[in-house]
Protein chains: 2
Amino acid sequence: MDKTAEELPRALQLMWGIEGPARPGPKPTLHISDIGAAGVRLADAAGLGAVSMAKVAAEVGFTTMSLYRYVDSKDELYTVMIDEAFGVPEPIAPELDWRAGITRWAMLVREAIHRHPWILQVPLFEPPLSPKQLEWMETGLRVLDGTPLSAGEKLSSMVLVNIYVRGAAQLTAEMFARPDRTREENDQLYGRRLMMLATPDRFPMIAATVAAGIERADSGDDPDDFKFGLTAVLDGIQALIDRTSHT
Amino acid sequence: MDKTAEELPRALQLMWGIEGPARPGPKPTLHISDIGAAGVRLADAAGLGAVSMAKVAAEVGFTTMSLYRYVDSKDELYTVMIDEAFGVPEPIAPELDWRAGITRWAMLVREAIHRHPWILQVPLFEPPLSPKQLEWMETGLRVLDGTPLSAGEKLSSMVLVNIYVRGAAQLTAEMFARPDRTREENDQLYGRRLMMLATPDRFPMIAATVAAGIERADSGDDPDDFKFGLTAVLDGIQALIDRTSHT
DNA sequence: GCACACTGTGTGCGCCGTACGCAGACCATA
DNA sequence: TATGGTCTGCGTACGGCGCACACAGTGTGC
């Protein structure tokens with residue numbers, strides 16, 4: 001058993017299927033992904049706030065404390081849930097050029113987040129190390145393989161796209177989290193409040209924006225809006241590529 | 001008193017200084033910003049986890065429940081804290097062109113976040129409506145005033161920059177949150193773990209990136225890395241501007 | 001001078017994450 | 001096949017959390 005492996009949190013060891021030498025004693029009943037799936041089910045149904053050790057344990061039919069045989073803390077449970085929620089990334093046709101490829105990748109990330117909006121609420125304290133998270137990274141990097149970018153630049157570009165997708169989705173996730181109001185009602189309410197508070201004398205730019213009827217763009221995530229920002233991000237990467245190939 | 005104003009959460013009314021008709025009874029002792037400042041002090045010192053209604057109340061010398069005379073819920077306390085943490089935005093020299101101006105704005109946002117990294121951990125359920133948040137928005141929009149972009153496009157561009165700054169900062173905030181390990185140790189540990197888990201056969205792109213010694217770029221937020229991404233984002237906006245002026 | 005809405009407080013509830021110790025099940029080894 | 005050691009799953013318990021609610025006292029507007 002590798003020394004570095006021992007430092008790994010329990011959940012990561014289980015997710016990667018790392019095992020020490022054969023040991024006596026009972027085998028674990030559950031698979032770590034059972035726990036992740038249970039957490040995902042709860043979060044999908046009632047939001048991240050509905051995920052507690054006790055509820056997840058009940059969902060898998062175990063007692064609260066038994067979860068700690070698989071997961072060292074609630075933060076690790078979150079890690080497992082995120083891995084489960086993203087799932088195995090759909091492969092991206094390799095014949096696509098980088099721009100079409102990373103656009104497809106961005107759309108897939110976006111869809112995953114929209115399926116499980118609570119992902120954006122999970123507080124993160126560690127960089128990603130779980131298997132499927134790394135597969136998503138790998139997939140994203142691969143579509144940039146044909147570009148003249150350096151390895152570091154590819155990584156930064158992928159991270160940039162990822163940042164954008166998450167950030168853009170967050171603007172709509174806020175809206176999702178209201179069971180009592182529809183998204184339209186939320187938008188209208190926000191617009192009304194902005195008009196009341198952002199008076200033209202103190203906030204001329206905001207007032208003009210609201211007056212232009214574009215407050216929708218602030219809170220909205222219309223595919224067009226999403227594409228708008230993504231286009232800008234990709235144009236930026238394109239500029240980097242151009243600079244790279246010219247030198 | 002405006003009907004729309006009544007819908008406003010208590011904390012927002014206090015922050016905006018909205019008052020109903022003169023009322024009998026004692027005047028509130030505290031100002032809402034006292035509470036925000038106390039929360040900011042706690043979060044700066046020991047992270048967002050150290051912020052509880054009881055601790056904040058003790059910090060201002062009141063009982064737990066008295067806070068609820070100023071704030072309807074803990075989420076509203078967060079709103080007040082964020083408003084307090086960002087503070088009044090420093091004005092941006094109007095003679096700067098849009099690119100220099102928004103770069104300055106991005107740097108200011110970045111500095112505010114680095115001063116109070118817990119900002120990125122605050123779960124958001126509402127779009128921004130607090131006074132200083134709107135002032136930051138106004139400041140960001142103003143530097144785009146000279147561009148040929150429409151009001152909606154200006155808003156989207158500012159939001160895009162904001163998304164980027166937050167996202168880029170988040171990659172380093174994870175590192176900040178470890179009192180026991182330095183950032184270098186964290187990076188090295190992450191690199192070692194990546195090398196162990198992301199084997200070249202299953203994760204050739206990641207492995208190549210790590211081998212290129214650029215894993216630093218993934219977890220790091222060196223000013224250069226930050227500038228790299230920002231450049232890409234601004235190039236994207238530039239492309240939009242070019243497209244707009246040509247038509 | 002009075003009524004009453006308001007502020008600040010105390011109590012208490014249900015839930016949370018998780019430390020700790022125990023009983024029994026199971027497997028590697030002899 | 002016997003057995004020792006170790007692991008799994010469980011029960012209990014603790015401190016802390018957000019916050020609902022009722023109450024006493026205060027000070028203003030009428």
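In what follows, chains are A, B, ... by sequence order, proteins preceding strands, each numbered from 1.
Considering only residues two or more places apart in sequence or on other chains, A:Trp105 meets the side-chain hydrogen bond (donor to acceptor under 3.5 Å, both in side chains) condition with none of them. When the side chain to side chain contact (heavy atoms under 4.5 Å, CB included) test is applied to A:Thr29, the partners found at least two apart in sequence or on another chain are A:Phe62, A:Tyr70. Listed by chain and residue number, B:Asp75, B:Glu76 satisfy the side chain to side chain contact (heavy atoms under 4.5 Å, CB included) test with B:Ser73 (two or more places apart in sequence, or in another chain). Partners of A:Lys74 by salt bridge (Lys or Arg N to Asp or Glu O under 4.0 Å), not counting sequence neighbours: none found. Taking B:Pro26 as the reference, nothing meets the side chain to side chain contact (heavy atoms under 4.5 Å, CB included) condition, with sequence neighbours excluded. Residues meeting the side chain to side chain contact (heavy atoms under 4.5 Å, CB included) test with B:Met205, sequence neighbours left out: A:Glu138, A:Leu141, A:Arg142, A:Asp145, A:Lys154. Contacts of B:Arg69 classified as side-chain hydrogen bond (donor to acceptor under 3.5 Å, both in side chains), with partners at least two apart in sequence or in another chain: none.
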What protein N or O atoms touch nucleotides 3-9 of chain D N or O atoms at under 3.5 angstrom, if any, and at what distances?
unit_1	atom_1	unit_2	atom_2	d
D:dG9	OP1	A:Thr29	N	2.8
D:dG9	OP1	A:Thr29	OG1	2.2
D:dG9	OP1	A:Tyr70	OH	3.4
D:dG9	OP2	A:Tyr70	OH	2.7
D:dG9	N7	A:Arg69	NE	2.7
D:dG9	N7	A:Arg69	NH2	3.2
D:dG9	O6	A:Arg69	NH2	2.4

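When heavy atoms are screened at a 4.0 angstrom cut-off, B:Ser73 is found touching the sugar-phosphate backbone but no base atom.
Of the possible polar contacts, one joining the B:Gln13 side chain to the B:Leu8 backbone as a donor-acceptor pair under 3.5 Å is found. Panel note: side chain B:Trp16, backbone B:Leu129; a donor-acceptor pair is recorded below 3.5 Å.
First and last contacting nucleotides of DNA chain C toward chain B (any atom under 4.0 angstrom from a heavy atom, 5' to 3' order): C:dA5 to C:dT11.
No side-chain heavy atom of A:Val71 sits under 4.5 Å from any side-chain heavy atom of A:Arg10. At a threshold of 4.5 Å between non-hydrogen side-chain atoms, the residues B:Leu12 and B:Ser130 count as touching.
A side chain to side chain donor-acceptor pair (under 3.5 Å) check over residues 46-61 of chain A, counting only residues at least two apart or in different chains, returns the pairs A:Arg41-A:Glu59.
Less than 4.0 Å separates DNA chain D from no heavy atom of any residue of residues 35-54 of chain A.
If one axis is set at each end of the helix from C:dG1-D:dC30 to C:dA30-D:dT1 from five pairs, those axes are 10° apart, to 10°.
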